[in-house]
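Only one structure is covered here, and it is reproduced in the block below.
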Amino acid sequence: MNELRSLSEIFNHKLLRIPDYQRGYAWLVDPHLTDFWEDLISLADEKKHYTGVLSLEEVKSNVFDTWIDDRWLAAKSYRPYYIVDGQQRITTAIILIQAIIEVVEEMQSKNNDVLISINYSEIDEIRKAYIFQIKNSEVKIRSYIFGYERDNPSNEFLRTRIFNELSSSDNRIETLYTLNLENAKKFFKDNLLAFPESEKLKRIEAIFKKLTTSLLFNEYIIDDEMDVFVAFETMNNRGKKLSNLELLKNRLIYLSTLYIISEDEQTILRNRINDCWKEIYFQLGRNKHKPLNDDEYLRAHKTIYFGFSTKVDYSKFLLKEFFLSKKVLEQVRIENKIAQIVEISDDEIMDEDENGEEVTSQPEKPLPHLPVEDIENYVVSLRSSARHWYNTFFPQENKDLTYEEQVWLNKLNRIGIGYFRPLILSAYMNQKISTGDRVLLFKNIERFVFVAFRLSQAKSNYGQNEFNNIAKSLYLGNIGIKEIITRIKNRMAFTFKDGVFNYYNFKNYLDNKFKYYGQDGFYGWSGLKYFLYEYETYLFESSMQNTEKIIDWSKFMNTKDTETIEHIYPQNPNDDCWKLDFEPYSDKRNFLVNSLGNLLALSQPKNSSLQNDCFEMKKQDRKGAHGYFNGSFSEIEVTQKYIKWTPQAIKHRGLSMLDFMEKRWNISLGDEKQKLELLHVDFVE
């Protein structure tokens with residue numbers, strides 16, 4: 001059935017549920033809610049507006065029988081449906097109706113509980129039509145007209161935080177999607193309340209009427225299971241464009257309907273796919289403030305499961321090469337002796353392979369069959385990897401990880417895992433790998449990233465193909481951790497000469513930073529913040545203090561350098577206190593200012609308050625400006641070790657920090673003369 005229907009017609013004797021395998025509520029305030037609201041406001045009275053497609057699948061009777069709270073509505077001729085497509089628009093409309101109900105009830109309360117009707121409908125009638133009905137019993141069970149399936153993570157949140165149901169459970173899960181629900185309700189209430197009091201009711205009535213009668217949906221009621229998923233993939237989605245993750249889910253469910261297997265086997269396979277996507281959506285949106293990217297996750301899993309390729313994008317491989325209906329259905333040979341006519345362009349005259357040789361076209365070969373087991377195995381792997389993927393980003397939230405695993409995964413996230421994340425994912429997917437071996441792998445990856453990229457300034461894709469290629473081998477158990485570590489060390493060979501670290505790459509990089517590119521020396525070094533944080537960690541561990549006073553990395557990383565990294569000898573040393581010791585080196589001032597020993601990690605943003613003060617003033621804690629003495633461990637070290645801040649102090653502290661660098665990353669930076677050249681303070685007597 002395909003008809004244009006208003007919201008009031010759609011909700012006429014229907015129970016609508018969003019299946020638990022669907023993505024949660026993904027609309028954002030800007031642009032989605034803003035556009036929706038502006039459409040409603042600007043829509044002329046009595047004017048109809050095409051809103052988009054609403055694809056519904058009727059819930060089977062045996063499933064509806066399990067909806068204990070809602071079965072009684074069947075006696076009132078209500079029929080249950082799953083929303084296959086269009087859930088974002090319908091959810092938005094219902095949240096707006098709930099916001100209208102709450103605003104009008106607040107108006108009633110202010111008006112001595114005088115009932116207010118909306119277009120001749122009382123609030124209770126509106127609530128019964130769109131939100132929930134209450135079964136006439138002592139228990140007062142609510143039956144929701146619209147919602148999620150019971151075990152969907154967003155279900156409890158929608159009922160309690162959006163529809164204001166009292167909850168006896170403390171197990172409500174909040175994710176990115178529940179945050180979007182909450183933001184939508186707040187957005188609509190704020191806009192409704194912003195109307196002038198004198199015309200608020202009139203404006204609300206107009207919005208409610210347009211919302212329920214003027215917005216038209218192209219309603220599809222699809223009975224055949226296969227057609228549901230064909231329609232879902234091919235329909236024009238006018239809301240948020242379907243992601244590759246959503247397209248892949250739909251493709252797998254569609255393929256499951258093509259296999260000649262029993263109905264029970266089809267149901268089991270479909271349930272596995274749904275459970276898999278339910279887990280993926282939960283894990284990717286689990287941190288509502290830092291949701292994980294769909295594409296990065298699928299790309300990484302494709303790398304460990306199918307292998308790495310630079311020629312074919314992961315989505316093209318999955319959707320256009322591997323999971324194809326042609327590989328499930330019986331393939332029919334087609335005879336075609338008609339020559340193909342193709343427009344010629346300069347780019348298509350000749351294809352060449354990597355060696356520059358002409359590649360002749362080959363006749364199309366029959367595609368290999370795709371067994372149902374391939375889909376089952378893929379789904380099982382994809383589901384189990386979602387949790388591990390989340391843990392690589394937020395290891396401190398996983399109590400199953402050892403302290404060492406958490407420490408080194410956090411270090412890798414701070415320095416930048418980059419293309420190593422699929423390999424790390426493989427290390428967790430292969431359960432035969434011990435915790436100790438994983439930590440050993442993490443340590444070697446961290447050292448490789450620091451030495452090859454942060455010190456020797458290798459290109460960001462150096463070694464990418466090799467380590468992505470072995471991710472699948474590690475996942476399958478065809479390669480061990482020791483062999484991977486050997487490869488990591490071999491890849492670092494260019495940074496060593498006769499077994500000694502070739503520090504000249506780093507020195508040449510710093511020479512350019514001091515002479516060109518802002519002349520900011522170590523201050524412009526890409527690895528500075530990570531190094532200063534590791535130095536801070538070292539001082540903390542050496543102090544043997546049982547305190548969490550160490551710098552907060554998130555604030556340290558996400559705050560301007562000018563507020564978290566202090567030039568002890570200031571960039572603008574105007575006070576007389578700086579002149580006596582630094583005057584002899586006035587022509588070298590830039591080297592002293594931006595040398596490593598002069599750069600200090602602050603526990604909190606305060607550079608602007610310290611400004612260009614004298615060293616004695618910077619150490620003190622005075623009103624309006626927190627000094628070094630009670631700051632980070634790095635600040636405390638400077639306070640305790642140095643009475644005065646001089647060029648010699650910059651040289652001395654710089655050498656100490658390079659000593660730490662040597663021990664921390666097991667490298668040699670040469671003798672003292674070479675280290676002073678690296679620090680660019682070899683001129684200091």
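- Here CG of Asn250 is found 10.0 Å from CH2 of Trp277. Values are rounded to the nearest 0.5 Å.
- The closest side-chain heavy-atom distance from Ile94 to Leu16 is not below 4.5 Å.
- For the pair Asp70 (side chain) and Ser143 (backbone), a donor-acceptor distance under 3.5 Å is absent.
- Put simply, the side chain of Asn444 does not reach to within 4.5 Å of the side chain of Ile484, judged on heavy atoms.
- Between the side chains of Ser243 and Arg23, at least one donor-acceptor pair of N or O atoms lies under 3.5 Å.
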(request) Step by step, work out the side-chain contact (heavy atoms from CB on, under 4.5 Å) result for Ser256 and Ile253. (result) CA-CA 5 Å; Ser256 72; Ile253 293 180; 4.3 Å; yes
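- For the pair Arg17 and Phe64, the cation-pi criterion (under 6.0 Å, within 45° of the ring axis) is not fulfilled.
- Between Phe132 and Tyr144, the distance separating the two ring centers is shorter than 6.0 angstrom.
- Within the cation-pi definition used here (under 6.0 Å to the ring centroid, within 45° of the axis), Arg487 does not qualify as a partner of Phe467.
- Below 30°, between 30° and 60°, or above 60°: for Tyr259 and His369 the angle between ring planes is above 60°, a perpendicular geometry.
- With contacts defined as side-chain heavy-atom distances shorter than 4.5 Å, the pair Ile481/Leu474 qualifies.
- Note: His289 NE2 to Leu179 CG = 6.5 Å, rounded to the nearest 0.5 Å.
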(message) Run the side-chain contact (heavy atoms from CB on, under 4.5 Å) test on Tyr462 and Arg491 for me, step by step, so that the C-alpha distance in whole Å, both residues' side-chain angles and the decisive distance to 0.1 Å come before the verdict.
(response) CA-CA 9 Å; Tyr462 174 74; Arg491 270 289 178 175; 3.4 Å; yes
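- A donor-acceptor distance shorter than 3.5 angstrom exists from the side chain of Asn391 to the backbone of Arg387, with no hydrogens or angles considered.
- For the 3.5 Å distance criterion, the side chains of Tyr314 and Thr303 fail to qualify, holding no donor opposite an acceptor.
- Ionic pairing of Lys14 and Glu219 is present here: one or more N-O contacts between side-chain nitrogen and carboxylate oxygen are shorter than 4.0 angstrom.
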(request) Please report the C-alpha distance between Ile304 and Met429 in whole Å, then the side-chain angles of each, then the deciding distance to 0.1 Å, and finally whether the side-chain contact (heavy atoms from CB on, under 4.5 Å) criterion is met. (result) CA-CA 9 Å; Ile304 72 169; Met429 291 293 286; 4.0 Å; yes
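- Side-chain atoms of Asn180 and Trp27, non-hydrogen and from C-beta on, never get closer than 4.5 Å to each other.
- A donor-acceptor distance shorter than 3.5 angstrom exists from the side chain of Thr486 to the backbone of Lys482, with no hydrogens or angles considered.
- No side-chain donor-acceptor contact under 3.5 Å links Asn461 to the backbone of Gln464.
- Going from atom CG of Asn410 over to atom OG1 of Thr392 covers 11.0 Å, rounded to the nearest 0.5 Å.
- Tested against His301 for a ring-ring contact (aromatic ring centres under 6.0 Å, His included), the candidates Phe306, Tyr378, Phe308 yield a single pass: Tyr378.
- No side-chain donor-acceptor contact under 3.5 Å links Tyr148 and Gln22.
- Between the CD atom of Glu466 and the CD1 atom of Ile470 there is a distance of 6.0 Å, given to the nearest 0.5 Å.
- Using a 4.5 Å cut-off on side-chain heavy atoms (C-beta onward), Arg421 and Trp389 make contact.
- Defined by atom type and a distance below 3.5 Å, a donor-acceptor pair is present between the side-chain atoms of Asp313 and Ser315.
- Under the 6.0 Å distance and 45° angle rule, Arg89 does not count as a cation-pi partner of Phe36.
- In this structure, Lys411 does not pair ionically with Glu446, as no charged nitrogen and carboxylate oxygen lie closer than 4.0 Å.
- Look at Arg161 and Glu174 and you find a salt bridge, because one of the NZ, NE, NH1 or NH2 atoms lies within 4.0 Å of a carboxylate O, short of that distance.
- Atom OH of Tyr428 sits about 3.5 Å away from atom CD of Glu405, to the nearest 0.5 Å.
- Taking the side chain as every heavy atom from C-beta outward, Pro153 and Lys278 approach each other to under 4.5 Å.
- Remark: the backbone N or O of Arg159 is not paired with any side-chain donor or acceptor of Glu165 at under 3.5 angstrom.
- At least one cation-pi condition fails for Arg251 and Phe323: the charged atom is not both under 6.0 angstrom from the six-membered ring centre and inside a 45 degree cone around its axis.
- With hydrogens and angles left out, the side-chain atoms of Asn244 and Asp295 include a donor and acceptor closer than 3.5 Å.
- In this structure, the side chains of Tyr305 and Asn377 come closer than 4.5 Å at one or more pairs of heavy atoms.
- No donor-acceptor pair under 3.5 Å is formed between the side chain of Glu483 and the backbone N or O of Gly480.
- Residues Lys327 and Phe322 meet the side-chain proximity criterion, which asks for heavy atoms closer than 4.5 Å.
- Ring planes of His13 and Tyr78: tilted class, angle from 30 to 60°.
- For Lys288, the NZ atom sits in a packed shell: over 12 heavy atoms of surrounding residues, nucleotides or ligands are nearer than 6.0 Å.
- Note that CG of Asn12 is 11.5 Å distant from CG of Leu7, once rounded to the nearest 0.5 Å.
- Looking only at distances, a side-chain donor or acceptor of Gln406 sits under 3.5 Å from a matching main-chain atom of Asn398.
- For the pair Lys302 and Phe317, the cation sits on the ring face: its NZ or CZ lies under 6.0 Å from the ring centre, inside 45° of the axis.
- Residues Ser460 and Tyr419 bring no donor and acceptor atom of their side chains to less than 3.5 Å of each other.
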